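Quick one: the structure is below, and I'll ask about it shortly.
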Amino acid sequence: MESMKDSVMAMINDLAAQVKQNGKAAPEPAKPAKDGIDCQRCGNTGWVAITRDDGTVAMAHCPDCFERRQVAHRLRTSGIYPKDYERYTLVSFDERRSETAKRMKDMAEAWLKGHTSGGTGFGLFGRSGMGKTHICIAVCQELTRRLGEPHFYFS
């Protein structure tokens, strides 16, 4: 184990000497973010190098963007079209259109408030045009955005 540590330290020292000899190393430009989240701190990777208390270097989640990247990934892989996330929110749902619509929205908000990780799912059943799709997609979205949980939508 000690010889491996010495070998790694030798490589690091060699690289440091090269940088010192050749002047300041130019940072590589960050690759464009596939998920639309730009982060200068990690160069759009979601990872940063940290130095532990014992002096070793390790990789850790970027504190500036990793959680947002996780949410974006969960939303992309959920089975819901991105445009539907824009259209179907709890805020945009008109609960005044009927008593049933009001009950559906109240039920959705109560479920989100009382939801625990690994708990029950959420679903609505009924005739066409009641707003079931709107409410269910809004709940899925809130589940991931508020609580950081993955979701999968199916109609």
Side-chain angles (χ1 to χ4, degrees), residues 1-93 95 104-124 131-155:
M1 179 74 174
E2 193 63 34
S3 65
M4 181 186 225
K5 182 179 176 183
D6 292 339
S7 174
V8 170
M9 288 307 296
M11 287 190 295
I12 291 171
N13 291 334
D14 286 345
L15 287 171
Q18 287 175 11
V19 168
K20 190 173 186 179
Q21 182 181 7
N22 297 331
K24 198 171 188 179
E28 289 185 31
K31 294 177 183 171
K34 292 179 186 175
D35 54 16
I37 299 169
D38 287 320
C39 180
Q40 298 299 313
R41 186 172 191 170
C42 69
N44 299 332
T45 65
W47 298 91
V48 293
I50 60 164
T51 304
R52 295 180 176 148
D53 292 340
D54 65 0
T56 60
V57 176
M59 297 306 289
H61 300 306
C62 178
D64 293 348
C65 71
F66 189 80
E67 287 302 318
R68 288 183 295 143
R69 288 182 195 289
Q70 290 295 102
V71 168
H73 172 75
R74 288 175 180 141
L75 293 176
R76 263 194 329 275
T77 59
S78 69
I80 299 172
Y81 294 107
K83 291 286 181 195
D84 287 344
Y85 281 123
E86 294 172 21
R87 291 182 6 205
Y88 300 140
T89 66
L90 287 176
V91 171
S92 68
F93 185 77
E95 73 271 13
M104 285 193 313
K105 185 171 182 178
D106 290 346
M107 194 175 6
E109 288 173 339
W111 183 84
L112 284 165
K113 186 177 180 183
H115 178 71
T116 57
S117 184
T120 62
F122 182 84
L124 295 171
K132 298 178 304 293
T133 297
H134 188 135
I135 287 289
C136 286
I137 289 176
V139 165
C140 285
Q141 188 170 179
E142 291 296 317
L143 182 65
T144 296
R145 291 189 191 278
R146 276 193 219 170
L147 306 173
E149 286 198 31
H151 63 271
F152 190 77
Y153 172 81
F154 59 93
S155 62

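All figures in this text were calculated on a predicted structure; none of them were measured in a lab. Atoms considered below: every heavy atom in the structure, side chains included; atoms not considered: hydrogens, waters and symmetry mates.
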Sequence-distant partners of Gln70, side chain to side chain contact (heavy atoms under 4.5 Å, CB included), two or more places apart: Phe66, Arg74
Distance, nearest 0.5 Å, that separates SG of Cys136 from CD of Gln141: 13.0 Å
Atom NE2 of His115 with >12 non-hydrogen neighbours under 6.0 angstrom: yes
Thr144 side chain to Glu149 backbone, donor-acceptor under 3.5 Å: yes
Residues in ring pair (Phe, Tyr, Trp, His ring centres under 6.0 Å) contact with His134, at least two apart in sequence or another chain: Tyr88, Phe93
Indicate every side-chain donor-acceptor pair of residues 45-53 with a distance under 3.5 Å to a residue at least two apart or in another chain.
unit_1 : atom_1 : unit_2 : atom_2 : d
Thr45  : OG1    : Cys42  : O      : 3.0
Thr45  : OG1    : Trp47  : N      : 3.1
Thr45  : OG1    : Trp47  : O      : 3.1

Residues that Arg41 engages under salt bridge (charged side-chain N to carboxylate O under 4.0 Å, His left out), provided they are two or more places apart: Asp64
Atom pair CG (Asn44) and CD1 (Ile37), whose distance is rounded to the nearest 0.5 Å: 9.0 Å
For Arg146, salt bridge (charged side-chain N to carboxylate O under 4.0 Å, His left out) partners two or more places apart: Glu142
Where at least one partner belongs to residues 109-122, residue pairs that pass salt bridge (charged side-chain N to carboxylate O under 4.0 Å, His left out), sequence neighbours excluded: none
Cys62 side chain near Arg69 side chain, heavy-atom distance below 4.5 Å: no
Shortest non-hydrogen contact between Phe122 and Val139, atoms and distance: CE2-CG2, 3.8 Å
Student check: side-chain heavy atoms of Leu90 and Ile135 closer than 4.5 Å: yes
